[in-house]
Structure formats: structure tokens, C-alpha cells
Amino acid sequence: MKFNKIAPVLLVLSVFIFLKQASAQDGIDRKVDSVLSKMTLAEKVGQMNQYNGDWEATGPVTKAVGDKLAEIKQGKVGAVLNIMGSAHTKMFQDAAMQSRLKIPLLFGQDVIHGYRITFPIPLAEASSWNPDAIERAERIAATEASASGINWTFAPMVDIARDPRWGRVMEGAGEDPYLGSLIAAARVHGFQGRSLGSIDAVMACAKHFAAYGAAIGGRDYNSVDMSLHSLWEVYLPPFKAAAEAGAATFMNSFNDLNGTPATGNTYLQREVLKKIWNFKGFVVSDWGSIGEMIPHGYAKDNYQAAEIAVKAGNDMDMESHSYIENLEKLVNDGKVSISLIDESIRRILRKKFEMGLFDDPYRFINPAREKSLLNLPASQTEARSMAQKSIVLLKNSNQLLPLSKDLKTVAVIGPLAKAKKEQKGFWSLDIEPNEDITSVIEALKKTAPKTQFVFQKGCNIDDQSRAGFADAVEAAKTADVVVMAMGEAPDMTGEAKSKANIHLPGVQEDLIKAVIATGKPVVVLLMAGRPMIFNWTADNANAILYTWWLGSQGGNAIADVLYGAYNPSGKLPITFPRTEGQIPIYYNHLNTGRPAANDKDVFYKSAYIDLPNSPRFAFGYGLSYTTFDYIDNEPTASSARIKDNGSLQISFTLKNTGKYAGEETIQLYIRQMVSQPLRPVKELKDFKKVFLQPGESRKVTFTVSRDMLYFYNDSLQYVTQPGDFQVMIGSASDDIRLKRAFELSN
Ligand code: NOJ
């Protein structure tokens with residue numbers, strides 16, 4: 001059939017689908033209104049109240065389970081968190097079914113990087129620059145969680161983070177708004193699946209709204225002081241992407257933004273999120289954050305805190321008890337209008353309807369499903385593949401890697417060589433038995449059965465003892481190659497895990513020095529939830545793999561990469577500083593009036609006199625076992641001007657010039673040369689992954705279009721400004737291989 005014949009059919013079909021969806025929404029709105037009309041004020045306030053389960057998670061247990069169950073039966077609770085496993089969730093839903101209106105509970109959980117199977121920490125996954133793989137990982141997490149009674153995850157965390165001291169850097173996608181936005185959308189799609197009504201969908205929650213990652217000094221929960229321009233340009237884009245991807249909920253944040261706590265921030269919640277972005281879901285507070293407006297000094301008591309939060313657009317109270325204890329009185333005292341309460345209830349009930357919970361409150365609570373869907377071999381395979389993609393090769397002198405399986409003796413040294421559970425990192429749920437996880441040394445032994453592996457711990461992660469150094473050095477001397485598994489403890493990153501000193505902890509770098517002094521080839525594996533500082537190692541080790549925390553399949557994935565079953569393809573999603581004094585350091589900064597031309601240029605320049613400006617490892621950096629040439633065989637772009645909604649193409653040839661098949665992540669950055677206000681020296685706008693066999697070449701074409709050139713002007717309008725631009729294409733933000741100039745005209 002010709003297109004002009006199909007077109008009317010397609011049109012009718014899309015109108016039909018649109019009308020069907022619209023009428024389903026109308027249907028839900030009618031149902032919501034019908035429930036709302038039956039609710040007392042106390043029951044409405046109950047829907048806005050969320051309690052923790054019965055163990056300490058990220059806050060203290062504030063009520064006994066029995067008391068909570070009694071309140072649920074009275075219709076005083078709309079959602080709970082940290083109740084896991086179908087038996088446990090059933091007990092709570094049973095209580096809700098004994099309430100007058102039988103409104104089902106929501107079950108929330110921090111499913112941050114996997115449920116039963118742990119995937120790499122989100123920052124590691126971001127190193128894959130592979131939103132499709134990330135979406136698949138979240139699909140598995142959602143399938144497992146939903147089979148266990150969970151219907152709401154407090155993820156994705158989409159906070160931009162430019163400060164590796166901040167412990168929660170591990171939970172996000174790093175420093176870049178573009179990459180962060182793609183990953184935010186991928187995670188939402190992964191969690192929510194085909195639609196919210198699917199049996200394997202969990203509601204996503206984009207958090208922490210907003211600018212939590214910009215806490216001053218990298219200290220968790222600290223104040224944020226930032227221009228609205230930076231907020232819109234850098235920190236809000238991933239939230240906008242999550243909202244556009246259909247995230248069912250948002251969570252606000254602990255920080256204040258320019259003097260107003262996010263939880264009580266009308267501009268963020270009502271103006272930006274609900275009005276400008278037309279967000280139809282609901283906003284939950286962070287844990288206790290309504291009550292925390294008291295120590296902030298923004299509210300004098302819980303009564304005032306509840307009033308501020310509800311007026312600012314915070315729909316549900318997580319664990320501060322401020323709503324349940326005060327909202328009814330606030331309405332009766334005439335301080336809060338019932339229409340505000342009704343608006344929140346509509347938002348909350350709509351999601352409960354969309355999730356199908358009114359049709360069947362037990363639809364996610366099914367022990368048979370739980371048994372059949374958890375820990376599937378295919379999901380473990382996906383976790384292994386995600387872990388491989390998350391590893392970043394930082395150094396590989398003289399092609400030490402990949403290792404040969406014929407090596408006679410390999411010494412495996414370091415406090416993390418035998419780590420099992422630790423490989424899961426922070427924010428992993430404690431459901432996976434230790435025996436299910438393969439340590440690095442176990443995985444190496446399986447992969448290279450002919451090699452003899454000798455183990456020495458050498459030192460602990462974070463103390464001053466050198467008692468194990470001598471044995472480690474002796475083991476190294478007997479070996480052909482040494483593999484050292486070093487890094488942080490898993491609880492050195494995560495919530496409330498900020499550090500002022502982010503060097504490789506304890507005496508680990510001294511152990512590396514002692515082992516390297518043997519003259520043996522040394523591969524260093526670095527496991528951590530943040531960028532660490534390890535300058536001596538970076539200068540002197542033969543090979544370095546940054547493995548982050550890779551989850552259940554970490555050991556296997558590391559062995560796959562060490563022996564070349566997988567050629568590393570990860571690229572850093574965050575800048576690695578040379579030392580803490582450079583922080584915050586990020587690639588997409590503005591130019592000063594006195595920019596330093598290079599690292600030696602300090603004469604009255606914007607530079608340090610005691611340290612280069614450049615980072616240790618730049619955003620976008622990551623090596624492969626092979627090498628790629630960018631062959632500039634088209635010296636001019638197809639057009640050097642973009643007019644109206646036109647675009648231009650830039651092509652070149654990528655050639656694999658090394659010995660191994662491998663994947664390159666080609667990055668496209670753009671700079672507007674002159675503009676008001678200023679634009680960054682470069683901004684990531686696109687990237688492509690190209691896999692090539694040794695010797696293979698492929699033509700690569702990028703399209704540069706006007707929509708890549710928009711930014712927020714001084715009045716926060718999203719605009720383009722005509723003028724000169726530069727496109728930079730390369731292998732990392734500091735490894736640009738091709739440049740093109742072009743002009744944008746109106
Ligand atoms: C506090 C954390 O900031 C938030 O990210 C998490 O979802 C809640 N606790 C619930 O555990």
C-alpha cells in the first residue's frame with residue numbers, strides 16, 4: 001500500500017487510540033471523584049501519609065508495626081515503604097482492606113540498582129553510555145520488585161553531581177545534563193514498562209527535586225546556593241526528561257535552594273513541576289523532610305511545617321508524621337483550603353487506579369509469581385553484560401591487558417580480592433545470599449584454570465597496618481602478573497557518606513607502591529562509588545580498570561574484561577580530579593576573561609599556581625584494548641550554516657586500528673562562540689556507539705540541528721541565538737579529533 005493510502009488509516013487509528021486513552025483517563029477521573037466524594041477529611045489526610053516498615057532504613061523506626069497496622073485499618077495511611085516480600089506486603093494490604101473505604105496501599109522501596117539481582121551502581125551503569133541497556137536493567141529490577149509486592153520505586157535519582165565528595169554521587173548518572181537526561185528517561189521507561197497498569201510495572205520516582213547534588217562542600221543535606229540559570233541549564237534537565245518520560249511520582253529533597261527548603265518550595269513544585277511541566281503525578285517528601293523544616297529554621301513547629309509543605313505542592317508526607325498530626329486541624333482552622341487537599345488526593349488516587357490497585361489490591365502480591373520471576377538465569381546474564389559495559393579502562397601500558405590464560409602464576413592482592421557482598425555497593429537490598437556472588441579471585445580461577453593464583457590481602461581497606469605488606473610483596477615476586485583489587489568500602493558512598501578526603505583510603509596506595517617496586521607488571525582494579533584520587537597509581541601502575549561497584553555479577557564481569565572476553569567500552573560520566581582542591585571540577589564550564597591556554601599557563605590567568613587546571617581523567621574518557629582513528633576525509637561540512645529549522649551533517653570515517661574488535665563511543669560537543677548569557681566551553685549534544693572488527697572502517701554521520709542549540713536566556717526563556725558555533729567530535733571531552741565551525745542564522 002502506498003503511504004497516501006495508509007495515511008488516512010493511520011490517522012483514524014491514532015485518533016482512535018488517543019480517544020481511547022482520553023476516555024480511559026476520563027474514566028479514571030470519574031472513579032477518583034467518586035472515591036473522593038465518599039472520603040472524610042481524616043481519610044483524605046490518611047492518603048497523604050506514608051510510614052516506614054518495621055526496620056531502620058535511612059531513618060529510625062518511629063512506630064511499632066502493631067500501631068501502624070491499627071492506623072492502616074482506620075484509613076490513616078496511604079502508602080508504606082520498606083515492606084518487602086509478598087507475605088509481608090499481604091499482611092499490610094489485608095489491614096488496608098479492613099479500612100472503611102478499602103483504599104489499597106502503595107508499597108514503596110528504594111529499588112536503586114536491582115531488587116533480588118543487584119545491578120551495577122547507577123554511576124557505574126552511566127559509564128556504559130548505553131540507555132537501552134540501562135532500561136533493560138530497570139525492567140528486570142521492576143519485574144522482580146513487582147513480583148514481590150512492591151509497586152513503587154524511589155528511583156531514578158537524577159541529580160546532577162559535580163562534586164565527588166558527595167556520597168550520593170554513586171546514585172546518579174554523573175555530571176552531564178544531556179547524558180543524565182537520556183538515562184533518566186531510560187530508567188523511567190524501564191521501571192514503568194509498557195504502562196503503569198502492567199503487572200510488571202513499578203511507579204518511578206524522580207528524585208531529589210531539586211539541586212540536591214549541588215550541596216555546598218559536597219556535604220550531604222547541605223544548603224544549595226545557585227542561580228536560576230544554572231538550575232535550569234544544568235540541574236533541571238534530567239528532571240524534565242523524567243517528567244516527559246511519564247514518571248508517576250517525584251520526591252523533593254532535603255536541601256534548601258537559595259534559602260527555601262525544597263520541601264516547602266512553591267516555585268519548584270507548583271510552578272515548575274506541576275504548572276510549567278504539567279506533571280500529573282504526585283510529589284512525596286523525602287524521609288522526614290517536612291519536619292526537617294523546623295531545624296532548617298523555616299517552620300517553628302510541625303503544624304507550620306505541614307502548612308508550608310502542602311501549600312508548596314508536597315502531596316505525601318514520608319515519615320515526618322506532620323500531615324497526619326496537623327492537616328485536619330489546619331483545614332479546620334481555615335489555614336489550608338480543602339481544595340489543596342483534594343488536589344493531592346486526586347493525584348494520589350489517580351496513580352492507585354492507573355496501577356490497577358482498585359481492581360485488585362493484591363495484584364502485586366503473588367508468591368507463585370515471586371518464586372518464578374526472581375533471580376532468573378537470563379536476568380543474571382543481563383546483569384553480567386551490564387557490569388561488563390560499566391567498567392572503564394583508565395590505563396593499559398604496553399597492552400598488558402587482556403591477560404593470557406596461559407600465564408603460569410598470577411598474584412591476586414588486595415582487600416577487595418575476595419569481596420562478595422561488598423561488590424553490590426550501597427543501596428542494595430539484603431536479599432541475595434553471599435554464596436550467589438562470585439568474588440574476583442573465584443572468577444579468575446574459573447576463567448583461567450591453567451594458571452596458579454596466589455592470594456594475599458596485603459592490607460585492610462582503611463587502617464594504617466602494613467603487617468601484610470611483606471607477604472604481598474613475596475607473592476608478587478613469584479608471579480608473572482599481579483592483579484590488585486583495591487578501593488573503598490561499599491558504605492563509603494551513599495546517603496550521608498560524604499568525604500572530605502577522597503584519596504584511595506588507608507595504606508592501599510603504599511601497598512601498590514611496594515608491589516610495583518618488585519618490577520612485576522601490575523593491574524589495579526579500583527572499586528568505589530565515587531571518583532577517587534590515586535595519582536601515584538595512575539602514573540605508575542601498568543593497567544587500571546575502574547570497576548565501581550558492579551553488583552551480583554561483578555567478579556565474573558571483571559574476569560571477562562581482564563581476559564578479553566569483553567573489550568572494555570566504558571566512558572567516565574564524571575570528571576576525576578587530581579586532588580580535592582580542584583572540586584568542583586567539570587568539563588562544561590564557562591570561559592573566564594582570563595582563560596589559561598594550557599596547564600603551564602598561570603601568569604595572571606584563571607589557574608592554580610600549584611596544580612594544573614586539567615583533571616586527572618576527563619569526562620567521557622575511557623580506553624579500549626583496541627585503538628580508533630577518526631579519519632577526517634570530508635574537510636568541510638555539507639553546509640556551514642543552519643537556517644530556520646534546517647540541520648547540517650558532519651561525516652568522517654572511524655577505523656579500528658588495533659588488534660581487537662571493540663566499541664567506540666563517539667562524542668559530539670558544541671560550543672556557541674559568542675552569546676548572552678555565556679555558554680559553556682563545550683556541551684555534549686549527541687553520541688554514537690560504533691562496534692568495529694580489527695581493521696574495519698565505517699562512515700559515521702552526525703546531524704547537527706537547531707534543537708541542539710537552545711539554552712535558557714537571562715529571562716529563562718528557552719531560545720537560540722544566531723551566531724558562530726563550533727562542533728567538536730572526539731573520544732573524550734579532552735580528546736577532540738575533529739572540529740567544524742558553522743553559523744546559525746534566523
Ligand atoms: C532518604 C533518601 O534521601 C531517599 O532517596 C530515599 O528514597 C528515602 N530516604 C527512603 O529510603
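Distance alone, capped at 3.5 Å, places no donor-acceptor pair between the K389 side chain and the A387 backbone. At distances below 3.5 Å, at least one donor-acceptor pair connects side-chain atoms of N252 with backbone N or O atoms of D286. Side-chain atoms of H113 never come within 3.5 Å of backbone atoms of T118 as a donor-acceptor pair (strictly under, hydrogens ignored). A donor-acceptor pair is defined here as one N or O able to donate and one able to accept, closer than 3.5 Å; such a pair exists between the side chain of R347 and the backbone of G281. Looking at Q269, its side chain does come within 3.5 Å of a backbone N or O of N265 through a donor-acceptor pair. A side-chain donor-acceptor contact under 3.5 Å links T143 to the backbone of R139. Between the side chain of E328 and the backbone N or O of I324, no donor-acceptor pair lies under 3.5 Å. A side-chain donor-acceptor contact under 3.5 Å links S498 to the backbone of G218. Of the possible donor and acceptor atoms, none in the side chain of S385 sits under 3.5 Å from a partner among the backbone N and O of T381. Side chain of E488 to main chain of M527: no donor-acceptor pair is present (N/O by atom type, distance under 3.5 Å, no hydrogens or angles).
Side-chain polar atoms of D256 and S223 form a donor-acceptor pair below 3.5 angstrom. Side-chain contact check for Y362 and D94: at least one donor-acceptor pair (N or O, by modelled atom type) lies under 3.5 Å. Side-chain contact, Y212 with D220: a donor N or O sits under 3.5 Å from an acceptor N or O. Side-chain contact of T249 with W152: a donor-acceptor pair under 3.5 Å is present, judged by distance alone. Residues E370 and S86 bring a donor and an acceptor atom of their side chains to less than 3.5 Å of each other. Between the side chains of S320 and E292, no donor N or O sits under 3.5 Å from an acceptor N or O. Defined by atom type and a distance below 3.5 Å, a donor-acceptor pair is present between the side-chain atoms of Q553 and Q380. No side-chain donor from either of Q109 and T153 sits under 3.5 Å from a side-chain acceptor of the other.
Screening N49, N302, N314, D317 for a side-chain hydrogen bond (donor to acceptor under 3.5 Å, both in side chains) with Y323, the sole residue that qualifies is N314. Checked against W166 for a side chain to side chain contact (heavy atoms under 4.5 Å, CB included), the options R168, R162, M170 give a single hit: R168.
A pairwise comparison of heavy atoms in G259 and Y298 identifies O-CE1, 3.8 Å as the closest pair. The minimum heavy-atom distance linking F92 with L105 is given by the pair O-CD1, 3.5 Å. Considering all non-hydrogen atoms of both residues, G174 and I574 come closest at CA-CB, 4.3 Å. The nearest pair of heavy atoms linking D110 to K207 is OD1-NZ, 3.3 Å. When all heavy atoms of I121 and G529 are compared, the pair lying nearest together is CD1-CA, 3.6 Å. Heavy-atom minimum distance, A145 versus V111: CB-CG2, 4.1 Å.
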Q) When you look at D315 and K274, which way does the side-chain contact (heavy atoms from CB on, under 4.5 Å) test go after all the steps? A) CA-CA 11 Å; D315 302 299; K274 292 181 175 174; 2.9 Å; yes
(Q) Checking E432 against Y115 for the side chain to side chain donor-acceptor pair (under 3.5 Å) test, could you report, in this order, the C-alpha distance in whole Å, the side-chain angles of both residues, the deciding distance, and whether it holds? (A) CA-CA 9 Å; E432 190 171 18; Y115 181 75; over 6 Å; no
**Q.** Step-by-step side-chain contact (heavy atoms from CB on, under 4.5 Å) determination, F254 to H296
**A.** CA-CA 10 Å; F254 290 123; H296 264 298; 5.8 Å; no
Q: Run the numbers on F426 and I112 for side-chain contact (heavy atoms from CB on, under 4.5 Å), then give the verdict.
A: CA-CA 9 Å; F426 200 82; I112 307 291; over 6 Å; no
Q: Tell me, with the steps shown, if E319 and Q50 meet side-chain contact (heavy atoms from CB on, under 4.5 Å).
A: CA-CA 6 Å; E319 263 296 337; Q50 180 183 46; over 6 Å; no
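Shown here is R219, whose CZ atom has no more than 12 heavy atoms of other residues, nucleotides or ligands within 6.0 Å.
L101 meets the side-chain contact (heavy atoms from CB on, under 4.5 Å) test with K38, M39, E43, I103; sequence neighbours excluded.
For the salt bridge (Lys or Arg N to Asp or Glu O under 4.0 Å) condition, the pairs that include at least one residue of residues 69-82, sequence neighbours left out, are K63-E71.
Between W549 and P120 the shortest side-chain heavy-atom distance does not fall below 4.5 Å. Side-chain atoms of F364 and S146, non-hydrogen and from C-beta on, do get closer than 4.5 Å to each other. Contact of the E244 side chain with the V188 side chain is not registered, since no non-hydrogen atoms from C-beta on lie closer than 4.5 Å. Side-chain contact check for M226 versus Y235: some heavy-atom pair is nearer than 4.5 Å. Using a 4.5 Å heavy-atom threshold, the side chains of K280 and R350 count as touching. Side-chain contact check for R346 versus F282: every heavy-atom pair is 4.5 Å or farther apart. At a threshold of 4.5 Å between non-hydrogen side-chain atoms, the residues F209 and S253 do not count as touching. The shortest side-chain heavy-atom distance between V310 and L327 falls under the 4.5 Å cut-off.
A salt bridge is absent between D491 and K497: the closest approach of a Lys/Arg side-chain nitrogen to an acidic carboxylate oxygen does not fall below 4.0 angstrom. Look at D436 and K421 and you find no salt bridge, because none of the NZ, NE, NH1 or NH2 atoms lies under 4.0 Å from a carboxylate O.
Taking the six-membered ring where the residue is Trp, W277 and W232 present perpendicular rings, their angle passing 60° and hence far from 30°. Classification of the F619-W129 ring pair by plane angle, with boundaries at 30° and 60°, yields tilted.
Atom-to-atom distance recorded for L268:CG and F250:CZ is 10.5 Å, nearest 0.5 angstrom. Atoms CG and CZ, on L340 and R270 in that order, are 5.0 Å from each other to the nearest 0.5 Å. Taken from CG in N130 to CE in M386, the straight-line distance is 6.0 Å, to the nearest 0.5 Å. Residue N82 holds its CG atom at 4.5 Å from CG of N52, rounded to the nearest 0.5 Å. Note that CD1 of I150 and CD of E144 are 12.0 Å apart. Values are rounded to the nearest 0.5 Å. To the nearest 0.5 angstrom, L106 atom CG is 8.0 Å from Q47 atom CD.
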